[in-house]
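Data block below; observations after.
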Amino acid sequence: MMSEIETNTKKSGMTLWIMIVLFGLPYVAAMYVYMNSDEMDLGGGSNYGYLVTPARPLQDMGFTTLQGEAFQFSSMKGKWILLSVGHSACAEACRENLYNMRQIRKAVGQDTKRIERVFLLMDNDQLQEFGEQVKNYQGMTVLQKAGVQYEAFLSDFVYDNKNKVEDGLYVIDPLGNYMMAYPAGADPNNILKDVRRLLKVSQIG
């Protein structure tokens, strides 16, 4: 006859496995989607952006915001990040990305709070002018160029040995991985479709 202690031990073990399945499965499923979304129908066709395979963990080097505050990408862990790179002079492509990131985030409706926006500056020549430019884009995190390591950080965003990092738009997943890229001039409506699919299939972020 099974003792009460053995019965309780078996019940505890079963409870533990149930919790692992319930809480771990969404993470496993999300990562499977990231790695296979070029072969899957995510609710309306293949992805528009370039799927970075395998996804690349961001280097968590120290950055500084326009306000002079220290910043690390790990502070946004758990959020999807729309990220763009450009010069402080902010020509047309730069302005388009600022606008498109804001509009894409607005367009996801109730999922708005799952997305953050970051702009990486490639120079610090016109910080004041850029600061004036982004006043119309509340909630945008702007990061200044940060030393020699910054060049290595930007090089991680090259995805096909051809693209220029400047003026591209990049997607960082809630685990801190760079996983999707769009060249300068990419159609924002198609980017929005990709973002909606990612939010729909992912239970993280």
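Here the structure is a predicted model, which means the values were calculated and not measured.
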Item checked: side chain to side chain donor-acceptor pair (under 3.5 Å) contacts in which one or both residues fall within residues 119-129, not counting sequence neighbours -> His87-Asp123, Ser88-Asp123

Item checked: Selection residues 90-109 - residue pairs positive for side chain to side chain donor-acceptor pair (under 3.5 Å), sequence neighbours left out -> Ser84-Asn97

Check: Got a donor-acceptor contact below 3.5 angstrom from the Ser202 side chain to the Leu199 backbone?
Finding: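 No, because the side chain of Ser202 does not come within donor-acceptor range (under 3.5 Å) of the backbone of Leu199.
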
Next item on the list: Indicate yes or no for a side-chain donor-acceptor contact from Gln144 to the backbone of Thr65 under 3.5 Å, with no hydrogens or angles considered.
Entry: yes

Notebook entry, point to check: Ile172 pairs by side-chain contact (heavy atoms from CB on, under 4.5 Å) with which of Leu82, Ile81, Val118, Asn177?
Noted result: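 Going through Leu82, Ile81, Val118, Asn177 one by one, the side-chain contact (heavy atoms from CB on, under 4.5 Å) with Ile172 is satisfied by Ile81 alone.
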
Next item on the list: Let me know which of Val134, Leu143, Leu98 forms a side-chain contact (heavy atoms from CB on, under 4.5 Å) with Phe119.
Entry: Leu98

Checklist line | ring pair (Phe, Tyr, Trp, His ring centres under 6.0 Å) involving Tyr159 - partner list, sequence neighbours excluded | finding: Tyr50

Check: What residues, two or more places apart in sequence or in another chain, satisfy ring pair (Phe, Tyr, Trp, His ring centres under 6.0 Å) together with Phe63?
Finding: Phe73, Tyr150, Phe153

Notebook entry, point to check: What pairs of residues pass the salt bridge (Lys or Arg N to Asp or Glu O under 4.0 Å) test when at least one of them lies in residues 66-78, not counting sequence neighbours?
Noted result: none

Checklist line | salt bridge (Lys or Arg N to Asp or Glu O under 4.0 Å): pairs with one or both residues in residues 185-194, sequence neighbours excluded | finding: Asp194-Arg197

Note to self: Quick one, Tyr48 with Ile191, criterion side-chain contact (heavy atoms from CB on, under 4.5 Å). Give me CA distance, side-chain angles, the key distance, then yes/no.
What the structure shows: CA-CA 7 Å; Tyr48 172 67; Ile191 297 175; 4.2 Å; yes

In Å, rounded to the nearest 0.5 Å, how long is the span from [atom1] of [X] to [atom2] of [Y]?
| X | Y | atom1 | atom2 | answer |
| --- | --- | --- | --- | --- |
| Leu121 | Leu127 | CG | CG | 6.5 Å |
| Arg117 | Thr141 | CZ | OG1 | 8.5 Å |
| Asn47 | Met179 | CG | CE | 8.0 Å |
| Lys79 | Asp173 | NZ | CG | 14.5 Å |
| Asp111 | Arg196 | CG | CZ | 9.5 Å |
| Met180 | Thr53 | CE | OG1 | 8.5 Å |

Looking at side-chain heavy atoms only, is the closest gap between [X] and [Y] below 4.5 Å?
| X | Y | value |
| --- | --- | --- |
| Val195 | Ile115 | yes |
| Lys145 | Met122 | no |
| Val142 | Phe130 | yes |

Item checked: Candidate pair Tyr182 and Tyr170, rule ring-ring contact (aromatic ring centres under 6.0 Å, His included), full reasoning -> CA-CA 6 Å; Tyr182 303 87; Tyr170 309 96; 8.5 Å; no

Notebook entry, point to check: Taking all non-hydrogen atoms of both residues, which atom of Asp60 and which atom of Ser74 are closest, and how far apart?
Noted result: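 For Asp60 and Ser74, the tightest heavy-atom pair comes out as OD2-OG, 2.7 Å.
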
